[in-house]
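Reviewing the structure listed below.
Only a predicted model underlies this, so the values are computations on that prediction, with no experimental measurement involved. Both ligands and their constituent atoms are indexed starting at 1 by order of listing.
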Amino acid sequence: MTPQHARWDEFCERLEGPERCNFRKVNGESRWTCKGGTDKTLATKILKTMGFTDPLIESSLDYFEEHGGMCDCEILFNVDRP
Ligand SMILES: [Zn+2]
């Protein structure tokens, strides 16, 4: 999975959504859910539900890290909008 992939937008929408990072405004401030560090559990789960195989998921996560996406929210901040 990379931003060039046909389903990249679908992937990002799922990652931003209420079941995942849940981006929202609280008193005018942006809030979201992310464990931080190198935790990409949410992204991994989404890729799995999208039918990606383990080796494909692995190489996707490597790509995210190379482009500044160490954790779930950073994939949206750094990989989606470099
Ligand atoms: Zn994060």
- May I ask you to decide whether Arg14 forms a salt bridge with Glu19, counting only side-chain N to carboxylate O separations under 4.0 Å? no
- If you look at every heavy atom in Ser60 and Leu47, which pair is closest and at what distance? CB-CD1, 3.9 Å
- Note on the structure: Taking every heavy atom of Trp32 against every heavy atom of Arg24, the minimum-distance pair comes out as CA-NH1, 3.7 Å
- Note on the structure: Those residues at least two apart in sequence (or on a different chain) that pass salt bridge (charged side-chain N to carboxylate O under 4.0 Å, His left out) with Arg20 are none
- Quick one: are the ring centres of His5 and Phe52 less than 6.0 Å apart? yes
- Among Ile46, Leu76, Asp80, find the one that has a side-chain contact (heavy atoms from CB on, under 4.5 Å) with Phe11. Ile46
- Item | Near the Zn ion (ligand 1) (under 2.8 Å) - protein N, O or S atoms | Cys34 SG, Cys71 SG, Cys73 SG
